[in-house]
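Chain A is the first sequence line, chain B the second, and so forth, proteins listed ahead of strands; every chain is numbered from 1.
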Protein chains: 2
Amino acid sequence: MTMTIGKLAQRAGVGIETIRFYERKGLIETPLRTASGYRQYSEAVVRRLQFIRRAKELGFTLNEIKELLSLKTSAGVTCASVKQKAEKKIADIDGKLRSLRRMKRALVDLTQTCNGDSSLDECPILNAMDEGGPLE
Amino acid sequence: MTMTIGKLAQRAGVGIETIRFYERKGLIETPLRTASGYRQYSEAVVRRLQFIRRAKELGFTLNEIKELLSLKTSAGVTCASVKQKAEKKIADIDGKLRSLRRMKRALVDLTQTCNGDSSLDECPILNAMDEGGPLE
DNA sequence: ATTGACTCTGTAGTAGGGTACTGGCTTTAG
DNA sequence: CTAAAGCCAGTACCCTACTACAGAGTCAAT
């Protein structure tokens with residue numbers, strides 16, 4: 001019950017090139033080959049690609065996903081280390097959220113002081129960025 | 001009262017290479033040169049680099065900053081077009097915020113079902129990513 | 001047997017925002 | 001005067017996550 005790379009790509013919802021790229025990056029194992037050199041994949045690889053897709057949706061980078069996957073095959077590793085990585089990722093996300101909220105507040109303040117009618121010389125937005133407004 | 005590129009870099013808090021990079025990108029004007037070819041900068045360029053830094057902090061890309069700067073020197077452009085760009089940027093930021101909040105919610109849910117004591121086979125985080133948990 | 005779809009390797013390009021290096025001048029401090 | 005520090009142009013390289021070829025071999029259907 002093996003499949004070629006095109007079938008795998010279709011099943012997993014990714015591009016063929018992406019699969020070969022993941023192979024080069026070490027995210028999926030080097031597959032068995034047919035006599036003529038075609039890659040042969042099992043169902044398990046479909047699941048692995050879906051795992052990668054989900055982890056990406058959760059904001060993990062490919063390198064982090066590689067770490068998660070290597071945890072799975074390491075001896076003596078418990079679920080706790082996975083949880084720890086997830087918690088670190090939550091902290092990262094919190095940092096990004098804070099930074100974006102700061103940006104947004106500054107921009108909202110600026111657009112509110114701006115009536116849109118001033119000449120460019122008096123534009124509060126440009127001036128605030130020029131002179132150092134409520135930022136930093 | 002002109003300065004060389006190193007001094008400018010120091011004053012503006014950016015790297016020398018970054019200044020030359022901005023010059024290539026058209027974010028700062030091509031400066032006058034000394035007889036021996038050294039770039040000569042005025043105070044105005046310090047302010048421009050600070051403008052660029054602030055705008056980056058607000059989440060504008062270099063291309064967007066270039067547009068903002070070109071608005072400043074275009075005739076017949078009012079403050080309204082600047083305000084409009086800022087508002088579009090606010091909408092972009094809202095989109096990113098929504099996406100990050102979704103990620104965080106999913107990760108928090110996962111870490112809460114995980115006691116950290118399970119074996120890896122039973123790790124709720126890995127399983128959720130493997131099998132399709134509360135995502136999508 | 002031939003056509004068309006599929007796969008192979010290897011290399012290069014994309015965007016964004018820089019950083020690093022090479023080899024050769026110039027300027028400045030001692 | 002000399003040595004160190006600073007500058008020049010041009011090019012290559014970093015990261016992320018792919019994507020796009022080119023040219024050649026393979027497989028399935030007709």
Atom [atom1] of [X] to atom [atom2] of [N]: distance rounded to whole Å?
| X | N | atom1 | atom2 | value |
| --- | --- | --- | --- | --- |
| B:R24 | D:dC8 | CZ | P | 12 Å |
| A:N63 | D:dT16 | CG | C1' | 9 Å |
| A:L62 | D:dT16 | CG | P | 8 Å |
| B:E23 | D:dC7 | CD | C1' | 13 Å |
| A:K66 | D:dA17 | NZ | C1' | 14 Å |

*Please identify each residue that fulfils side chain to side chain donor-acceptor pair (under 3.5 Å) with B:N115, with sequence neighbours left out.*
B:S118
*Which residues satisfy the side chain to side chain donor-acceptor pair (under 3.5 Å) test with A:E23, sequence neighbours excluded?*
A:R39
*Counting just side-chain N and O atoms, does A:Y22 come under 4.0 Å of either OP1 or OP2 of D:dA17?*
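So the side-chain polar atoms of A:Y22 never come under 4.0 Å of the phosphate oxygens OP1 or OP2 of D:dA17.
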*Verify the contact: side-chain N or O of A:T18 to OP1 or OP2 of D:dA17, cut-off strictly under 4.0 Å; return yes or no.*
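The answer is no; no side-chain N or O of A:T18 sits under 4.0 Å from OP1 or OP2.
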*Sub-4.5 Å side-chain heavy-atom contact between B:N63 and B:E67*: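 In short, these two side chains do not touch, never coming nearer than 4.5 Å.
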*Could B:K89 and B:F60 be counted as a cation-pi pair, given that NZ or CZ must be under 6.0 Å from the ring centre and within 45° of the axis?*
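So B:K89 does make the cation-pi contact.
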Just the table, please: protein N/O against nucleotides 7-9 of chain C N/O, every pair under 3.5 Å.
residue : atom : partner : partner atom : Å
C:dT7   : OP1  : A:T4    : OG1          : 2.6
C:dT7   : OP1  : A:G6    : N            : 2.7
C:dC8   : OP1  : A:R39   : N            : 2.7
C:dC8   : OP1  : A:R39   : NH1          : 3.1
C:dC8   : OP2  : A:R20   : NH1          : 2.6
C:dC8   : OP2  : A:R39   : NH1          : 3.3
C:dC8   : O5'  : A:R39   : NH1          : 3.4
C:dC8   : O3'  : A:R33   : NH1          : 3.4
C:dT9   : OP1  : A:R33   : NH1          : 2.9
C:dT9   : OP1  : A:R33   : NH2          : 2.9
C:dT9   : OP2  : A:R39   : NH1          : 2.9
C:dT9   : OP2  : A:R39   : NH2          : 2.7

*Between C:dG17, C:dT19, D:dC18, which nucleotide gets closest to the side-chain atoms of B:K56?*
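Closest nucleotide to the B:K56 side chain: C:dG17.
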